[in-house]
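Positions are given from 1, in the same order as the sequence printed here.
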Amino acid sequence: MTLYPKLILDALATVRYPGNGKNIVEAEMVADNMRIDGMKVSFSLIFEKPTDPFMKSVVKSAETAIHTYVSKDVEVTIATESRQAARPEPGKMLPQVKNVIAVSSGKGGVGKSTVAANLAVALSKLGYKVGLLDADIFGPSIPKMFQVEDARPYAETIEGRDLIVPVEKYGIKILSIGFFVNPDQATLWRGGMASNALKQLVGDANWGELDYFILDTPPGTSDIHLTLLQTLAITGAVIVSTPQEVALADARKGINMYMNDKVNVPILGLVENMSWFTPAELPENKYYLFGKEGTKRLAEELHVPLLGQIPIVQSICENGDKGTPVALDEDSVTGKAFADLARSVVEQTEKRNAELAPTEIVKTHK
């Protein structure tokens with residue numbers, strides 16, 4: 001039996017691509033590189049993306065079609081190509097980002113997202129280029145905190161890849177799964193789906209040049225944290241807790257996750273949120289509703305810096321709901337607290353970078 005290209009193409013024309021219903025010849029998925037040597041045939045199939053979900057099944061169907069309509073004795077070799085460039089490998093993502101800061105907490109309800117949002121704003125007001133990723137797949141809150149709940153990010157083609165363009169507000173580039181799901185419905189995803197969605201928000205987005213990339217992580221320790229640790233080179237972690245013992249006990253678990261020998265992410269420091277209550281009409285008064293300086297004592301015990309203490313002020317909640325983070329007002333009590341926190345984070349980040357490569361790291365302080 002003699003093989004020739006039309007015989008092979010006629011067989012391949014019986015294979016349909018599930019994504020559009022067209023046969024793979026009509027869809028121009030068969031590359032112009034067919035080689036025939038006796039009973040051996042080799043060629044490539046072209047897919048739109050390297051992560052095409054139908055890639056394996058289509059390749060198998062193409063091989064089966066040749067064996068069915070040409071001859072079972074044909075030795076078939078099929079390579080795959082993609083029109084879009086592949087996502088960078090883990091560890092090589094975000095090459096234009098200087099520092100990746102994970103804001104974490106051992107438990108929910110301690111104001112971690114509030115701290116992450118206001119830290120991003122405070123860093124931006126200091127003159128840094130800042131990105132903020134809402135990594136809480138199941139409980140995204142950043143869109144509301146920035147009043148961009150109705151935003152719908154679009155994609156643009158950059159260097160052969162379709163990349164999501166982050167939403168920008170107050171000079172900060174923002175992405176959240178909240179932009180892509182119905183806010184009134186629960187996100188019922190297994191761990192693998194959530195991790196893949198997070199990888200897309202990190203690796204398939206046009207973050208550009210950033211001095212600081214802030215990760216608002218979910219509370220506790222989960223698959224999402226492992227995905228972030230495996231995907232990004234995290235510069236350091238900022239741990240948020242309230243002063244009471246029940247929160248501090250969970251904060252220890254979060255700290256332990258980052259300090260684990262297999263993870264080894266530096267703890268830049270701790271942030272004590274809801275340190276005290278100060279009434280607007282009595283700005284000098286402090287009422288310690290959740291205990292006094294518990295996070296400070298934990299920081300001293302673990303020999304890590306206490307980066308800041310954030311008081312409870314009614315405007316924090318009100319501004320968060322309105323989408324105007326309190327850090328925008330540098331003259332307010334909490335605005336000053338977040339500005340001090342941002343400066344402390346910069347100081348600890350530069351210290352950590354200098355320790356790693358004192359002759360190579362270029363400081364980003366302005």
Side-chain angles (χ1 to χ4, degrees), residues 101-120 122 136 139 141 145 214-222 225 234 236-260 263 265-280 282-320 325-327 332-349 351-352:
I101 309 297
V103 179
S104 296
S105 66
K107 68 190 299 293
V110 298
K112 169 190 52 60
S113 293
T114 297
V115 170
N118 282 282
L119 172 60
D136 194 345
S141 54
M145 289 184 169
I214 307 298
L215 307 176
D216 177 24
T217 69
T221 55
S222 65
H225 296 85
I234 297 178
V238 171
I239 307 298
V240 181
S241 181
T242 48
Q244 71 266 47
E245 289 300 324
V246 66
L248 294 171
D250 288 324
R252 292 175 186 271
K253 297 176 185 177
I255 293 168
N256 178 263
M257 177 186 68
Y258 288 108
M259 297 181 72
N260 186 287
V263 175
V265 169
I267 302 296
L268 297 181
L270 275 57
V271 178
E272 185 176 80
N273 196 28
M274 309 182 201
S275 295
W276 58 78
F277 170 65
T278 296
L282 298 170
E284 301 303 320
N285 289 24
K286 295 182 179 180
Y287 300 93
Y288 297 91
L289 305 181
F290 303 114
K292 186 177 181 180
E293 297 188 337
T295 310
K296 180 180 180 181
R297 290 192 297 273
L298 179 60
E300 292 171 350
E301 176 189 332
L302 298 176
H303 305 290
V304 297
L306 179 66
L307 298 172
Q309 292 176 294
I310 312 298
I312 302 176
V313 178
Q314 187 175 352
S315 60
I316 292 183
C317 178
E318 292 175 347
N319 289 354
V326 292
S332 67
V333 172
T334 45
K336 291 177 181 177
F338 281 116
D340 289 341
L341 170 61
R343 283 188 281 267
S344 294
V345 168
V346 170
E347 180 183 350
Q348 293 302 318
T349 301
K351 181 179 178 181
R352 184 259 184 190

Which atom of [X] lies closest to which atom of [Y], heavy atoms considered:
| X | Y | answer |
| --- | --- | --- |
| Gln309 | Ser275 | CB-OG, 3.3 Å |
| Ala117 | Met145 | CB-SD, 4.1 Å |
| Asn273 | Gly111 | ND2-CA, 3.5 Å |
| Gly236 | Leu268 | CA-CG, 3.8 Å |
| Ile312 | Phe277 | O-CD1, 3.5 Å |
| Ser241 | Leu248 | OG-CD2, 3.5 Å |

Spatial distance of atom [atom1] ([X]) from atom [atom2] ([Y]) [nearest 0.5 Å]:
| X | Y | atom1 | atom2 | answer |
| --- | --- | --- | --- | --- |
| Gln348 | Ile101 | CD | CD1 | 10.5 Å |
| Asn256 | Ile267 | CG | CD1 | 9.5 Å |
| Ser105 | Asp216 | OG | CG | 8.5 Å |
| Met274 | Thr114 | CE | OG1 | 7.5 Å |

### Task
Before giving the answer on side chain to side chain contact (heavy atoms under 4.5 Å, CB included), spell out for Val110 and Val115 the whole-Å C-alpha distance, their side-chain angles and the decisive distance to 0.1 Å.
CA-CA 9 Å; Val110 298; Val115 170; over 6 Å; no

### side chain to side chain contact (heavy atoms under 4.5 Å, CB included) evaluation trace for Lys112 with Thr217
CA-CA 8 Å; Lys112 169 190 52 60; Thr217 69; 4.1 Å; yes

What donor-acceptor contacts under 3.5 angstrom involve side-chain atoms of residues 337-344, with partners at least two apart or in another chain?
residue: Asp340; atom: OD1; partner: Arg343; partner atom: NH2; Å: 2.8
residue: Ser344; atom: OG; partner: Leu307; partner atom: O; Å: 3.3
residue: Ser344; atom: OG; partner: Asp340; partner atom: O; Å: 3.1

Could you give the side-chain donor-acceptor pairs of residues 286-300 under 3.5 Å, partners two or more places apart or in another chain?
residue: Tyr287; atom: OH; partner: Asn285; partner atom: ND2; Å: 3.0
residue: Thr295; atom: OG1; partner: Glu272; partner atom: OE2; Å: 3.3
residue: Arg297; atom: NH1; partner: Lys292; partner atom: O; Å: 2.8

### From CA spacing to verdict: side chain to side chain contact (heavy atoms under 4.5 Å, CB included), Leu119, Val103
CA-CA 9 Å; Leu119 172 60; Val103 179; 4.2 Å; yes

### Message
Has Asn118 got a side-chain atom pairing as donor or acceptor with Val326's backbone, closer than 3.5 angstrom?
### Response
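Confirmed, Asn118 side chain pairs with Val326 backbone.
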
